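To start, the structure itself, in structure tokens.
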Amino acid sequence: APRSTEALSALAALESARGDAAAALVALEKARALAPDSVPVLTQFTVAAMRANKPRAAVDATGVLVKLQPTEPEFLYLYGAALLQSGNMRAAESALQRYTEQRPEDSRGCLALGLALAGQHERFDAARAQLEHCLRLDPANVEAKYQLALAFRSQGEAAKAVGLLEEVIAASPAHADALRDLGALYAQTGEGARAREVLERAVALNPQDAETHFQLSRLYNRLAENVLAARHLEQFQKLKSQRERAPEP
């Protein structure tokens, strides 16, 4: 049944379940061509596009969803999330503001709006207030706490950032980004031994993160461990070069 949207949708679900987001997206592109206004297909396509790091495709699909059902809050959230992933922070803020007005207690939408605000330099104060609101809604929201720590760090409030990052890691020991950022702050404040411990944990969890290698290279230089410093600097440059050569999504 090559023209069955149901079969293509099922195939996409199977591809997604085994971790092949690109193959799922191919099947759903065929389904969209057959049924361009199908809400279930557009919704599934949006999620697959974001997983495959194709935010422009996700924005296009969610734009159609919002036009088809402008009062459905879930589609507003997906539209805002796709805009956020694409880097269009102002449009994401607008969509997510409308979503949170309809669902003010939803911590997921609260966090997404905080991220959209944090992505605009002139909106840092609003971002901080929004993320603090997210934590009042859900004190266990690890990602909101992590993003609030980054907001404090960006404004030079290192002690508050360190405290929040330590809480994030206590709740989520495998949060590699939080470990990396905490290690960088430890190094910045002269706590070399603690910096080394958390940065080495971070690189073990995510060896493909260029920034972690960069922070380790800086730290090892300070500790006069030149061989390790050179090794991590080389890995940083390699990963950075690969990222710069990668095609735009």
Side-chain angles (χ1 to χ4, degrees), residues 1-123 126-127 130-131 133-134 137-138 141 143-144 147 243 246-249:
R3 297 184 61 79
S4 166
T5 57
E6 291 82 2
L8 288 164
S9 177
L11 175 60
L14 289 169
E15 295 289 13
S16 181
R18 70 176 189 170
D20 194 340
L25 198 58
V26 169
L28 289 165
E29 284 170 346
K30 294 177 181 177
R32 274 193 74 186
L34 294 170
D37 292 334
S38 166
V39 168
V41 170
L42 285 164
T43 305
Q44 190 181 7
F45 179 93
T46 297
V47 175
M50 287 196 283
R51 286 178 178 165
N53 195 29
K54 300 289 184 182
R56 292 176 187 172
V59 168
D60 172 68
T62 50
V64 176
L65 281 171
V66 170
K67 287 179 182 177
L68 289 171
Q69 296 189 17
T71 60
E72 172 52 54
E74 190 63 22
F75 297 158
L76 269 177
Y77 172 77
L78 287 174
Y79 185 45
L83 287 164
L84 185 62
Q85 190 182 40
S86 74
N88 191 339
M89 299 302 175
R90 290 189 179 180
E93 178 190 349
S94 176
L96 291 165
Q97 186 68 55
R98 288 157 60 198
Y99 174 77
T100 55
E101 286 169 1
Q102 294 185 54
R103 293 186 175 173
E105 302 300 314
D106 181 65
S107 60
R108 177 190 59 166
C110 181
L111 174 60
L113 178 56
L115 292 173
L117 291 166
Q120 304 171 66
H121 292 297
E122 71 280 7
R123 304 284 277 147
Q130 179 67 23
L131 292 166
H133 174 63
C134 296
L137 286 177
D138 179 12
N141 190 327
E143 194 59 27
Q147 294 297 332
R243 186 172 58 195
E248 289 293 322

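Positions are given from 1 along the sequence. Everything numeric in this text was worked out from a predicted model, so none of it was measured.
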Sub-3.5 Å donor-acceptor pair from the side chain of [X] to the main-chain atoms of [Y], do we have one?
X: Ser86; Y: Leu83; value: yes
X: Gln69; Y: Leu65; value: no
X: Gln44; Y: Ser9; value: yes
X: Thr100; Y: Leu96; value: yes
X: Gln85; Y: Met50; value: yes

Are the side chains of Leu113 and His133 in contact, using a 4.5 Å heavy-atom criterion?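 In short, these two side chains do not touch, never coming nearer than 4.5 Å.
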
Contact check, side chains of Val41 and Leu34, non-hydrogen atoms, under 4.5 Å: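 In short, these two side chains do not touch, never coming nearer than 4.5 Å.
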
Identify the two heavy atoms, one from [X] and one from [Y], that lie closest to each other, and give their separation to 0.1 Å.
X: Ala116; Y: Gln120; result: O-NE2, 3.1 Å
X: Ala61; Y: Thr46; result: CB-OG1, 3.5 Å
X: Ala27; Y: Leu11; result: CB-CD2, 4.1 Å
X: Ala126; Y: Leu117; result: O-CD1, 3.8 Å
X: Ala23; Y: Glu15; result: CB-CD, 3.7 Å
X: Met89; Y: Gly119; result: CG-O, 3.8 Å

Which distance, rounded to the nearest 0.5 Å, do you find between the [atom1] of [X] and the [atom2] of [Y]?
X: Arg32; Y: Leu25; atom1: CZ; atom2: CG; result: 9.5 Å
X: Gln147; Y: Leu115; atom1: CD; atom2: CG; result: 4.5 Å
X: Tyr79; Y: Glu74; atom1: OH; atom2: CD; result: 16.0 Å
X: Tyr99; Y: Leu76; atom1: OH; atom2: CG; result: 9.0 Å
X: Thr43; Y: Phe75; atom1: OG1; atom2: CZ; result: 4.0 Å

Carefully, step by step, assess Arg123 and Glu93 under the rule side-chain contact (heavy atoms from CB on, under 4.5 Å). CA-CA 11 Å; Arg123 304 284 277 147; Glu93 178 190 349; 2.6 Å; yes

Is a donor from one side chain sitting under 3.5 angstrom from an acceptor on the other, for Asp106 and Tyr77?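 On atom types as modelled, these side chains do not qualify, holding no pair under 3.5 Å.
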
Evaluate the criterion side-chain contact (heavy atoms from CB on, under 4.5 Å) for residue pair Leu68 and Leu42; output intermediate values, then yes/no. CA-CA 11 Å; Leu68 289 171; Leu42 285 164; 3.8 Å; yes

For residues 90-123, pull every pair meeting disulfide bond (SG atoms under 2.5 Å apart), keeping only residues two or more places apart or in separate chains.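 As it turns out, the disulfide bond (SG atoms under 2.5 Å apart) pairs with a partner in residues 90-123, which skip direct neighbours, are Cys110-Cys134.
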
Count the heavy atoms of every other residue, nucleotide or ligand shown that sit under 6.0 Å from CZ of Arg51, and state whether that count exceeds 12.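 Count not over threshold, so no.
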
Between Glu143 and Arg108, does any side-chain N to carboxylate O distance fall below 4.0 Å?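 Salt bridge absent between Glu143 and Arg108.
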
